[in-house]
A.B. asks: 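To start, I am sharing the structure in question, which I have written as C-alpha cells.
Below, read A as the first sequence line, B as the second, and so on, with proteins coming before strands; counting in each chain starts at 1. Reckoned from all heavy atoms, side chains included, excluding hydrogens, waters and symmetry mates.
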Amino acid sequence: MSTELPRTYDPSSVEPEAYRIWLEEKCFHADPSAPGEPYTIVIPPPNVTGALHLGHAINATLQDILIRRHRMRGFNTLWVPGIDHAGIATQAVVEKQLKEKENLTRHDVRREGLVERIWAWKQQYADRILEQLKRMGSSCDWDRTRFTLDEMLARAVRETFFKLFRDGLVYRGKRLVNWDVFLQTSVSDDEIYHETVKTSLWHLRYPIVDDARATHMVVATTRPETMLGDTAVAVHSQDPRWNWAIGKQVELPLTGRRIPIIADDILVDPKFGSGVVKVTPAHDPNDYAVWQRHQDQPDAIDILNILTPDGRMNENAGAYAGLRRDAARKKVVEDLTAQGLLEKEEPYETQVGHSDRSKTPIEPYLSDQWFVKMAPLAEPALEVVREKLIQFVPERYAQTYLSWLGEKRDWPISRQLWWGHRIPVWSKKGTGHESKSDPAQSSEAIWWQRENDKWTARGCVHWMLQSGSHTGDEMFEFISYVCPPPAADQNLINELEAEGFVQDPDVLDTWFSSALWPHSTLGWPEETPELKTYYPTSVLVTSRDIITLWVARMVMMGIYNMGHGEFLAESTEEAHSKIANRKSQIKTAIPFHDVYIHPTILDGKGERMSKSKGNGVDPVDIIETHGADALRFTLSNMATETQDVRLPVKMLPDGRNTSDKFDLGRNFCNKLWNAARFALGNLESIAAEPVDESRWTVADRWILSRLARTLAEADAALGSYRFDTYAKACYDFFWRDLCDWYVEAVKPALKDPNRAAQTANVLATALDATLRLMHPVIPFITETIWWRLNDIRPDRSIPGKISGSTNKRLILSAWPTADKSLIDEEAESVFSRLQELIGAIRNIRNEYKVNPKKSVAVSIVAPADAARQIEANRALVELLAVCSIGEIGAALEATP
RNA sequence: GGGCCGUUAGCUCAGUUGGCUAGAGCGCCUCCCUUACAAGGAGGAGGUCAUCCGUUCGAGCCGGAUACGGCCCACCA
C-alpha cells in the first residue's frame, strides 16, 4: 500500500522521531512576549533520590494533557520542569550507599566530600528523571529546567529567608524536636511514622520528702531511663488522693535530686493510672508543654537534657553517662529494682515514632533550631482557600488543607544536614549585663539599614545562656545572629567573619525551597518577563500526600513574596478584610488558581508506589512493552475521581515490569493506526471534490453529529479535570462509533465513483478532528498520522461546521470545535434504530451459529415509520448484518 | 480517639441533579484469520450494587446505623 504504514503499530519506530521534531522546532518553548492568554504549570519537582515510577507518570501525563490542549487552544503555554534536591532523603540514600559500598560514614569523608558525592548522584538521577519525562512525551520547556539548588533558586531562598528574618517571622528557638539519632538531624512530624512496639510499662516509686501522709508516689512509664531527666511530678488539682501534696517534693531515685510536685490539669487525667505523671520536659512533647505552661508561674520547673546528639546519656545522667538508650534503660530498671523502687513491670504495647528516612526510633530532643512563625503567613493562605480564590479539585481536599494549616504550628526549618541551602545566618557569642530577651519567648531584635541602595545589616538576636537562670542581673552570655541581606557582597561576609561571626552549619528544610517553586522558577526576585507573564500559574497537579507539606507552604510563601508581605495577618478577621479589600492584588500573589489532586497509584498489594518503598514501576518499562501513548492513554483512563488505583504488575524474565492494564492503551493505538491506514489509503486514491452537504447520508450526518457531541463532552470533561471521562469519550467515539459503525457503513460508498468523493470528505474531517481531539493524550501516534494526512489531504475542513487552524505539526494546530448545527437529532435517532435492528439480526445469526460470511434472508415486520426508514437504508442493514432483506411488512400499529 | 474516602461482574473501575432492561476494559464461552486492524470482528454468559433500617410513586445514588478495607491527623503517662 502506498501509504507505507506498517500493519502493526510500532511505537518505538514513531515516538523518537516525533519527539525529536518537536524539540528541533522548539514546539515546547515558551515566549513571554507571545500572544495569547498565559497558561502555566510548574511540575511538582520529583525528588532526585531515584528514578520515577508510575505515580509520577500519571502526574506528568495529566499535566501534559492540560498543557497540550491549551497550547492547541492558542494559550501562551509554559510547562516548567525541574527536580528537587530533597535534602534529607537524598543525603540518607547517599550515606547509605557510602556505608554499604565503602563502609564509610559521612564524618569520614567530611562535608565537602559528602556534598561532592551527592552532586554526583544528583547528576546521574537528574538525567535519568528528565529522560523518563521525555520518553513519556512531556512537552516541558526544557530550556527552563530548574533544580532547587540552582543559583537562581538559591537567590530566591536567601531573599525569602532575609525577609522573614527582617519581619520577625523566623526565629531561633530551643525546642523539642524529633531527633533522628542515626542521621543526627531533626525530623519534621511529617517524616515520622509510628510502629507498634511490644514493651513494658514500668511503675516506679518516687519517695515523698518529709511528709507523713504517704511514703511515695507511683509513676508509670514506657521509657524508664527518662526519669533521669525528670524535673517534676504532676497531679491533678482536683484529685483528692494527691492534691494535698502539691508544692511538696519527691526525691528522684538514683539521682538524689529533689523535684517539685506540681498541679497540671491538662497533662494529668485523674481517672488514668495512679494519677501521678512524671515530667521530663526535655524528652517528651507533652512534658515540654508542661514546662512551657509553667514558665512564668510561681511553680516554674526546670528543664534538663540528658541526651547527646548521637543518642547516649550525657553528663546530666550522672553514673549513666555514656550509655546508649537501651543500655541505660536496662541499668535504670536494674538499679531501681535493687533499691526496691520498682513497683511492677507489665507487658505493654505502644506506638513508637520512627524516622521515615533512617527507620530508627526517634528521640524527642531539646535542641536549637530555626523556626518560621506560622500564624501571620497561614491566615491569608487559609483565607484564599475559604474564599475559593484557590480551588481544590476534588473539593473535599480543601478540608485537609484547611485543617492542617489551621493549626498554625510553627515550622521548624533547620536541618542538621550537609545537603541543601545553607542557612544564611552568622552568629557570635558575646556577654553583657542586660537580659535582652527571653529565650522562652524567642523574641528577637533585628537591626538593619539601607545605605546607598545597599543593605548594610547588622541584625542581631540576643540570647542569654547563663547557667540556667535568667532572672538576676548577673552577666549574661548571649549570641548575636546576623542575616546578611541577600544582595550582600563577599566583603560584608568577610567583615563578619573577621569579627568572629561563624555561619550556621545547618541547612534549610527541603520544603523551604520547594515552597517558593512557582515563583522562584520564573526568576523571582527579579522581575523577569517570565514572572510577569506566567505567574500566577494556572493549576497545580499533584497527589494528596503533600497537600500539607507542599501545597500549603507554596500558598503561604507565594502570598508572602508575591504579595510583598502586605497580606500578613495575625488574625482571621485581619486576613479576611485585607484580602477582601485587595482582591485583584491577592489574585496576582497566589501561586495557582486550581489544585487538582490526582489518584494515587498503588501496586498489586494495594500499597502506594513510592521511591522509598522501592515498589515503583519504571514508566520506561511500560513504554518499552506498550509504547508511551499506551501508557498515557491508560493512565488518563484511570484518573477517576475515586482516588486509589490498584495496578497489579508482573515481572518479565529480564527483570523489567509490565502490566496487562496497558493493553487497553496499546490496543487503542493499534486500532487508530489501522483506521488511519484505511482512511489514508482511500483518501489518497479518491480525488478531492468540494463539500456538498446535500449529499450527506444518514451515516454521514450521524457521525458528524456524534463528533460534535464528543467534542463538547471532551471540553466539559477536561474543563473539570475528568481525565477518565475524556479518555472514555475518545474511546467510544473513535472505536465504537467511527470504526465499528461509520467506517463499516461507508465501505461501499468509498468504492462507488458517484459517492466516493463526498464520503471521503466526511471521513477526512472525522479523522482530522479525531487526531486533534486525541492529541493531548496520545501525542506521538496522532502527530505521526497527521503528517501523512497533511500530505495526502491538505484541505479537509467543512467551512462553518468544523473549524480550527491547521499547522504542519499537530501539536501547533488548533483544538477542534464543532458548530452546534452539526448535532442532528433526526440522524441520531434513525441511525440508532438501524443499529438496534442490525444488532437483533446479528444476535439471531450468532445464536444459530451462522458463518459470518454467509448471507441470510430476512423478512421484517415493523411499524410504518420504522419500515420506511429501514427501506430507505436497506443496503446498510444488508451490509452490516450480512443478509438480504426480502419483505418489509408494515405492522398496523407501533409495537412498544 | 478525631476526620476523610471506599465497598457495584472473576479482576480493575465508571455510574453526573434519585427515573426505561445497572455499564466499560480485561478475563471467560461460541462463531469468524471477511484485502484497515486476530493488539481484530460478531454475539453471549456473568451483578439480591457490603449489611440493616428509613425517606420516596420510585434508591447503586438521599438520611441513619453496622461490618470490613484504606488514608490523614492526634496520641494518654
A.B. asks: If we ignore hydrogens and angles and just use 3.5 Å, is the side chain of A/Asn674 paired with the main-chain N or O of A/Arg7 as donor and acceptor?
C.D. replies: yes

A.B. asks: Between A/Asn670 and A/Arg666, is there a donor-acceptor pair closer than 3.5 Å when you use the side chain of the first and the backbone of the second?
C.D. replies: no

A.B. asks: Whole angstroms only, please: what is the CG-C1' distance between A/Leu201 and B/C76?
C.D. replies: 11 Å

A.B. asks: For nucleotides B/A24 and B/U8, find the distance between their C1' atoms and express it as a whole number of Å.
C.D. replies: 13 Å

A.B. asks: Of the candidate nucleotides B/C75, B/G15, B/A36, which contains the atom at the shortest distance from the side chain of A/Arg722?
C.D. replies: B/G15

A.B. asks: Regarding A/Lys854, tell me which of base, sugar-phosphate or nothing describes its non-hydrogen contacts under 4.0 Å with the strands shown.
C.D. replies: nothing

A.B. asks: All N/O contacts under 3.5 Å from nucleotides 40-44 of chain B to the protein, with atom names and distances to one decimal?
C.D. replies:
residue	atom	partner	partner atom	Å
B/G40	OP1	A/Asn667	ND2	3.2
B/G40	O3'	A/Lys671	NZ	3.2
B/G41	OP1	A/Lys671	NZ	3.3
B/G41	OP1	A/Trp735	NE1	2.5
B/A42	O2'	A/Asn846	ND2	2.9
B/A42	N3	A/Asn846	OD1	3.3
B/G43	O4'	A/Asn846	ND2	3.0
B/G44	OP1	A/Asn843	ND2	3.1

A.B. asks: Any carboxylate oxygen within less than 4.0 angstrom of a Lys/Arg side-chain nitrogen, looking at A/Glu684 and A/Arg788?
C.D. replies: no

A.B. asks: Classify A/Asn286 by what it touches in the nucleic acid, base, sugar-phosphate, or nothing, heavy-atom distance under 4.0 Å.
C.D. replies: sugar-phosphate

A.B. asks: Hydrogens and angles aside, do A/His626 and A/Asp663 bring a side-chain donor and acceptor to less than 3.5 Å of each other?
C.D. replies: yes

A.B. asks: Considering only the C1' atoms, how many Å lie between B/U56 and B/G18, rounded to the nearest integer?
C.D. replies: 9 Å

A.B. asks: Regarding A/Leu267, tell me which of base, sugar-phosphate or nothing describes its non-hydrogen contacts under 4.0 Å with the strands shown.
C.D. replies: base

A.B. asks: Anything under 30° is parallel, anything over 60° is perpendicular, the rest tilted; go ahead and classify A/Phe668 against A/Tyr731.
C.D. replies: parallel

A.B. asks: Using the P atom as the reference point in each nucleotide, state the distance between B/G27 and B/U12 in Å, no decimals.
C.D. replies: 15 Å

A.B. asks: Which part of the nucleic acid, if any, lies within reach of A/Val743 when heavy atoms closer than 4.0 Å are counted: base, sugar-phosphate only, or nothing?
C.D. replies: base

A.B. asks: Would you confirm whether A/Arg241, through its side chain, and A/Val276, through its main-chain N or O, come within 3.5 Å as a donor-acceptor pair?
C.D. replies: no

A.B. asks: What nucleotide among B/A38, B/A77, B/C4 has an atom nearest to a side-chain atom of A/Arg7?
C.D. replies: B/A38

A.B. asks: Looking only at side-chain atoms of A/Tyr731, point me to the closest of B/A36, B/A77, B/G25.
C.D. replies: B/G25

A.B. asks: Run the salt-bridge test on A/Lys278 and A/Glu225 with the 4.0 Å N-O cut-off and return the result as yes or no.
C.D. replies: no

A.B. asks: Nearest heavy atom decides the nucleotide; on that basis, is A/Arg666 or A/Lys728 closer to the 5' end of RNA chain B?
C.D. replies: A/Lys728

A.B. asks: OP1, OP2 of B/C13 versus side-chain N and O of A/Thr640: anything below 4.0 Å?
C.D. replies: no

A.B. asks: Look at all strands and tell whether A/Thr8 reaches a base, only sugar-phosphate, or nothing, counting heavy atoms closer than 4.0 Å.
C.D. replies: base

A.B. asks: Salt bridge between A/Arg706 and A/Glu828, side-chain N to carboxylate O under 4.0 Å?
C.D. replies: no

A.B. asks: Distance check needed: B/A77 P versus A/Ile261 CD1, whole Å only.
C.D. replies: 22 Å

A.B. asks: Grab the OH-P distance between A/Tyr9 and B/A39 for me, whole Å please.
C.D. replies: 17 Å

A.B. asks: Does the side chain of A/Ser237 come under 3.5 Å of the side chain of A/Asp265 through a donor N or O and an acceptor N or O?
C.D. replies: yes

A.B. asks: According to side chain to side chain donor-acceptor pair (under 3.5 Å), who are the partners of A/Asp545, at least two apart in sequence or on a separate chain?
C.D. replies: A/Ser543, A/Arg608

A.B. asks: Provide, to the nearest angstrom, the distance between the CH2 atom belonging to A/Trp404 and the P atom belonging to B/A74.
C.D. replies: 10 Å

A.B. asks: B/C76 C1' sits how many Å from A/His236 NE2, rounded?
C.D. replies: 14 Å

A.B. asks: Using a 4.0 Å heavy-atom cut-off across all strands, classify A/Cys739 as base, sugar-phosphate, or nothing.
C.D. replies: base

A.B. asks: How close or far is atom C1' of B/A77 from atom CD of A/Glu225, stated in whole angstroms?
C.D. replies: 14 Å

A.B. asks: Does the plane of the ring in A/Tyr596 sit parallel, tilted or perpendicular to the ring in A/Tyr721? Use 30° and 60° as the thresholds.
C.D. replies: parallel

A.B. asks: Find the distance A/Phe633:CZ to B/C13:P and express it as a whole number of Å.
C.D. replies: 17 Å

A.B. asks: In whole Å, what separates the P atom of B/C73 from that of B/C53?
C.D. replies: 38 Å

A.B. asks: Which string of ( ) [ ] | and . matches RNA chain B, if you list each base 5' to 3' and count Watson-Crick or G-U pairs only when both distances are under 3.5 Å?
C.D. replies: (((((((..((((.....[...)))).(((((.......))))).....(((((..]....))))))))))))....

A.B. asks: Please determine, for the side chain of A/Ala675, which listed nucleotide (B/A36, B/A14, B/A77) has the closest atom?
C.D. replies: B/A36

A.B. asks: When the P atoms of B/G41 and B/C4 are considered, how many whole Å apart are they?
C.D. replies: 45 Å

A.B. asks: Taking atom P in both B/C26 and B/G44, what distance in whole Å separates the two?
C.D. replies: 16 Å

A.B. asks: Taking atom P in both B/C49 and B/C61, compute the distance separating them and give it to the nearest angstrom.
C.D. replies: 10 Å

A.B. asks: For the C1' atoms, the ones on B/U21 and on B/U17, what distance do you get once it is rounded to whole angstrom?
C.D. replies: 23 Å

A.B. asks: How close or far is atom P of B/C5 from atom CZ of A/Arg544, stated in whole angstroms?
C.D. replies: 12 Å

A.B. asks: Around A/Glu346, counting heavy atoms of other residues, nucleotides and ligands shown, do more than 12 lie under 6.0 Å from its CD?
C.D. replies: yes

